[in-house]
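Proteins come first, then strands; the chains are lettered A, B, ... in the order of their sequence lines, and each starts at number 1. All values reported here derive from a predicted model rather than from experimental measurement.
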Amino acid sequence: MSVTLTAMSDSTVTGGQQQRLTPGPARGPYISFITNRLTNLLIRGALLFCVGVFLSLVLNLLQVQRNVTLFPPDVISSIFSSAWWVPPCCGTASAVIGLLYPCIDSRLGEPHKFKREWSSVMRCVAVFVGINHASAKVDFANNVQLSLTLAALSMGLWWTFDRSRSGFGLGVSIALLATLATQLLVYNGVFQYTSPDFLYIRSWLPCIFFAGVITMGNIGRQLALYEYKFIQDKSHQD
Amino acid sequence: MTLRQRLREKISAAFYRHGLLCASYPVPIILFTSASILTCCYPLLRLPLPGTGPVEFTTGVRDYSVPSHEPQGDLGERPDWYRGPPVAYIQQVVVKAAVSPWDSSLVTVDVFRSPLGRVFSLLEEIRNHVHKDSSGIRSLESLCLQVTGLFPGLRRMQSVLPEHGCLLVSPGNYWQNQRELFDSDPDLLKTIQKHEPKGLHTSATLRDLLFGVPGKYTGVSHYNRKRVVTYTITVVLSSYDARFLGSLRSRLKQLHPSANCSLRDDHMVHVHFKEEIGIAELIPLVTTYFILFAYIYFSTRKIDMVKSKWGLALAAVVTVLSSLLMSVGLCTLFGLTPTLNGGEIFPYLVVVIGLENVLVLTKSVVSTPVDLEVKLRIAQGLSNESWSIMKNMATELCIILIGYFTLVPAIQEFCLFAVVGLVSDFFLQMFFFTTVLSIDIRRMELADLNRRLPAEAGLPPPKPGPLRPREAPPPPRPSPHTITLQTPAFRNLRLPKRLRVVYFLARTRLAQRIIMVGTVIWIGILVYTDPAGIRTYLAAQVSEQSPLGDPGGGGLGVVAPVFRGGDPTSTLSLHHHPAQPEPTPVPENQSQGHQGSARAGPPPVPQAPPSPSVPQITWGAEDEEGWRRLSFRHWPSLFSYYNITLAKRYISILPVIPVTVHLSPQDAIETRHPQDTRHPPPPIIPRVPVDLQTDLTLYKVAALGLAAGVLLVLLLFCLYRVLCPRNYGQNGVSHGRRRRGDLPCDDYGYSPPVSEISPLLLRGHSMDIECLASDGMLLASCCLAGQIRVWDAQTGDCLTVIPKHKLRRSSSSGCWEQRDGWDNVTSTLDPECMCSDARGLSISGDSLSEEEGFPTRRRTPPNRPCLFTDQPDLTPLIDTNFTSQPPSHPPAPPREGFDFGGLVERAYMEHEPPSQSTYPHSPSSASSSPPTAAQLQRRPSLGDNALLLPQERGSTAGTQATADWESSVWAMELRGNLIAAGRSSGKLELWDAVEGSLRCSNEDGVSGITALAFLNNRIVAARLDGSLDFFTVEINKPLCLLQYRGEAITTQPLMSFISPTMVLASGGQDGAICLWDVLTGSRVSHVYGHRGDVTSLVCTTSCVISSGLDDLICIWDRSTGIKLYSIQQEAGCGASLGVISESLLVTGGQGCVSFWDLNFGDLLQTVYLGQSSDGQGVRQLLVLDNAAIVCDFGSELSLVYVPSVLEKLD
């Protein structure tokens, strides 16, 4: 009797252990794929690159409209009217910026908590496109006015969607650098503005760069948040 | 208290009051809001419709002068675009030419060859026309629009369109305006056709440009019945000289008099073209709209915990959109006309106004305490967020104000719109959205209330309308406050990739949607590009709607080139000049032999009486403004070839100069090209009515479309069959065996292969088998007679019979006495209590009958040897004690070990029966804390009663250790060689399975044991009154020892429970299934799945499988409590289920068992168990460790091994 009882309890225990030990529903291959950090980085980079290329094409088109009088016979070619390397450059730059922002946030130890939602990001992108739209479509009296307006709009963008010091600093520095780079390119004759009004272009360029940096940083942070959340989830599950 | 705080409190109080108001009077407020929206949008009716159609303005020719740039005082009728000189003046010379009289010797090419040939002489005439007067000599060269070069991308047009010099367009351009080329051209139509673009014609074609009339009105084809050729010579002038044009007109008229022409020539029409939207502009626009929709999507996705997400999202979008409309309407009302392109700024306005406030409101209201009244919840939610809402609003207004000071007109206007939009959005949020939210919350409360009604039955329902007094089955959806059901059902299922893709497609109905969208787009393109379709109609509508567009005095004959209604020929037939509607002349090489000999015709007699052989040239009112029949993109595209935009500019179209040319057949024959005669005359087309002919193409298109659709459907069907070979939705292939009853089939009606085996039959019981237990080696069964047989699970030999001797009992001692007692008590009842408690009694009876009879409920065996002896003891169930007595035995359990009291108590709360609401008059349930009070009242009565019975029985049965044969075995469990049997009397007995001797028993229990489980070295017994008893099975001590008894609080029995590892699952009579963490005693999850009792539960590591009296088997995800899917069983087989391995479920059917794949819910196989069990339902099913299945068919057991299934799965 006693033997049977001990055997019984043993079997129960081992049964329980076995049951405990059997793994739960294994996570799908997709998830483990995602959790890979490097892959995640690559995916983010690729996404940001695509967004950058797309935005640069669209914004280029906006600017092109200003100069072309009408009905270009082949519209599609006008999208690529600027040099071929401009969209890839924009894409690369946006990927770098989008990855840089969350990186800096984590280095500084002050995670960005302000309005971390996709709807806010979408709003930010919309405002960015709107700033470009305004710079392309609205007729300003002079360049100073244009610059001031765009600067105010860009600051508004930063205040509404970012509000972090690191974001502002990075934005300003990158905008200045980019403007300098384009100026150098133009002086060396590598690149030419299509518009004859040279001053005009120079007046809106820094503001647009600033707003673009803020926007891409916003997207990059939001994407990074996904990864962060995921790691959290994973640790929680484990 | 600072000013800020005071302000904050004031705002919060105001919002609170406002929330109360909104929630109290939802309908009037919504009506008021709608009215105000409509009022504000009313001024929008006066705005012109958006569109790119041109706008017209007509002035007289005689007093025409070029309008000045400055807006004049007496604007009167003048549109504001009518300023400055036009881009160009357009003078059209309409030529109608015919060979008359027609002669049968002529061939079809003659219809248009010589008339077209006349264009060269006319061109010469026009080019060389010189007007001399006092102010000097003017020729066309000095007046016409000089063009410098074609647009660079138009190399293919180079040969056709003039590249420099005067912009003068005529059909002669096809031949570079050279007569010689024309004469040597063997096939004119081919030359014309050569330049036509392939594919869809979206804008003006070259043919339209050169001929100046739509293709089918030119008459240049082989099938021209009227034999009149119409074309225009279009002269584009850069400056207007009335005298030159007058002299040209008179010259041409003189040369080619038009006899019956009464065209008006005193009006010129100015056509203003709006801004063109090309693809270049469309792409950014589409991008912004895409971003906008993404924004709206991501915003509204956050709306949560409400009754209808879609409804609230719609309300949010409506709020934003109508606030925009209101802002535009208000601005128009106060005299500010929008100059910005509405479509472009609209997304930015939406983004600026935003959906944030709406979301914040929803979140705040939803997060208020649930038990508050709806009004108060709304008010609280509003006042909580009032400060942040006001702050945000002020910030946004400030930002916009800053924007206003940029002093750029466009930005200022945008800011103005945004400010008004923000304010109206605030208004709408406060009134419209809050009210909608309150309605939604109320709906959710009602749904909640319906479910929780038993607990709150005493309270008067706040809204009696939609509430039913009692809902019989508790709704399966749990309250949103306890469990969130959000993850999809397939979450934990490991599906192959291929299936996942197919499932994804099926779930999202992607293919159907794509096809639908594609069809819609295709139809849209068809409608839009149809020449008689919506495009021209819209253009004409726009031009007609322009306030000054009507040419004023066009008379009845002026008909816009619009085919009103659907029938394009009805307007045509009104006129006496119906052109031959042959859209594309197809040369056909058929010969016909009625060519007469060429003979000289009579001299041209223009006034010849109309006869079929004499083509009559008539001038109708439609010729007056023939350009109206052209595409409205005609002029813009002509000018665009020379890089001149007409966007936001206007052109002036001068009255046409009619030219009639009659040619003699002799002329026609002379101008023939030698190859012309080889062209056959037109085949005799059957004389169909004209409208039928035109409709023919329509029918052709329709037939083709139909055929394509049918083909597509067939193709998709084939694809579907290939992808999903199973015949979903059908009742499976009918096999011979299947006819016997409703076969188990999965959700899709798929029936997998069927096989049949002969099981090992275990016979020996005289009555129906009630309980089955096994530990893998041994199998114990207990029948209604109380006989327990122990079988060898491998061989099927009967090892032991308990009791060994056939015990003849004194049959009626217990039962009848109790019946008498019951009768006595009932007769002494006072009638008031009767009515209320009789129902309670009936409920108890129900539960009893369901409970004890679940194996035999539906199919009672025809002959039962001894009728009442084997009935389980009903007494514990019958509530005979109607006067609430104080509890005679206050439970004072020894508090040692783990306290399961809390756990069990919560279990009772959860398993609380819905039947509570049947006692609306009972004082206990009307009190504020109904459950405990009611249960406490009932429990002692049970206890008393049951306590009474063992005493009685004790007197008859004698000693403690003797087995109790009076009550039947309700639960049995086998472990090692111990059989634990729980009886209806509450007695727990432990038998030695091998020896067949009673090891010990425990009679402490007062109510029947419904379920037993071994837990390490404890035995857990669930009793009918809902309590859980834990017995220790110690080796060295007396075997049964009451270690702890959970407090019994309810009459609600736990029907079944299981305890694999650390999770305990319990199912109740109300169809609820609870999962408990044994370590902490907390309820992990709580789900409703069954209508009626839960009869059995099985656990695997990932899911819980439950079956109920409703014959439904539900598979639940163990960790989340989400129902993965359910299987409908046959009637009477509800309780029979078992799990063979992690992913294999076996259920019983009528004489068969079915195997299911747990991961997919697919039926794998159905196995018939021989002829002997034919037609009998499997009442219970037990899975042994060695993959044997024991099926309970009434009084006999079937033992089946399923190694093959296991192999396949492993």
Side-chain angles (χ1 to χ4, degrees), chain A residues 1-2 4-9 12-13 15-16 19-20 22-26 28 54-55 57-59 61-62 64-65 68-76 78-79 117-123 125-127 129-130 132-134 136-141 145-146 148-149 152-153 156 159-160, chain B residues 151-154 276 278-281 283-284 287-288 291-292 294-296 298-299 301-302 344 347-348 351-352 354-356 359 399 402-403 406-408 410-411 492-494 636-637 640 643-645 647 775 975-978 992 999 1014-1017 1033 1035-1036 1060-1062 1101-1102 1119 1142:
Chain A
M1 183 66 217
S2 59
T4 52
L5 276 181
T6 43
M8 186 184 87
S9 55
T12 331
V13 169
Q19 272 183 331
R20 284 299 304 280
T22 40
F54 178 70
L55 277 182
L57 288 179
V58 169
L59 301 182
L61 205 61
L62 267 177
V64 161
Q65 274 176 37
V68 173
T69 42
L70 82 154
F71 331 108
D74 24 19
V75 185
I76 304 304
S78 75
I79 296 179
E117 288 156 344
W118 272 113
S119 59
S120 161
V121 172
M122 282 299 148
R123 222 178 165 188
V125 175
V127 172
V129 176
N132 277 280
H133 206 134
K137 281 285 170 69
V138 177
D139 293 317
F140 290 91
Q145 198 184 28
L146 171 69
L148 283 180
T149 310
L153 283 174
W159 178 252
T160 324
Chain B
F151 198 73
L154 290 169
E276 288 285 335
I279 297 179
E281 283 175 327
I283 289 177
T287 311
T288 52
I291 295 173
L292 173 73
Y295 168 63
I296 289 178
F298 282 119
S299 299
R301 211 177 56 158
K302 288 187 292 185
E344 274 179 15
Y348 304 122
V351 164
V352 163
L355 291 163
E356 263 67 27
L359 301 178
I399 290 177
I402 292 170
T406 51
L407 299 177
V408 182
I411 293 184
N492 273 344
L493 301 187
R494 267 176 290 161
S637 50
S640 73
N643 205 3
I644 300 167
T645 179
D775 65 344
R975 183 62 52 93
N977 57 355
L978 279 182
D992 191 299
R999 299 298 291 260
F1014 277 89
L1015 202 67
N1016 292 354
N1017 45 9
V1033 186
I1035 300 162
N1036 298 324
T1061 65
M1062 306 310 286
T1101 50
S1102 61
S1119 51
E1142 269 301 297

Given that the side chain runs from C-beta out, which part of T287(B) has a heavy atom under 4.5 Å from chain A: side chain, backbone, both or neither? side chain
If you measure from [atom1] on [X] to [atom2] on [Y], what distance do you get to the nearest 0.5 Å?
X	Y	atom1	atom2	value
I402(B)	T149(A)	CD1	OG1	12.0 Å
S119(A)	R301(B)	OG	CZ	9.0 Å
I399(B)	T160(A)	CD1	OG1	4.5 Å

Return yes if some donor-acceptor pair links the side-chain N/O of R123(A) with the main-chain N/O of L292(B) below 3.5 Å, else return no.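 Checked: no pair found.
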So which of V351(B), V352(B), I291(B) actually passes side-chain contact (heavy atoms from CB on, under 4.5 Å) with V127(A)?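 Among V351(B), V352(B), I291(B), the one that satisfies the side-chain contact (heavy atoms from CB on, under 4.5 Å) with V127(A) is V351(B).
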E117(A): which residues meet the side chain to side chain donor-acceptor pair (under 3.5 Å) condition with it, sequence neighbours left out? K302(B)
Mind telling me whether W118(A) and F298(B) have parallel, tilted or perpendicular rings, with 30° and 60° as the class edges? parallel
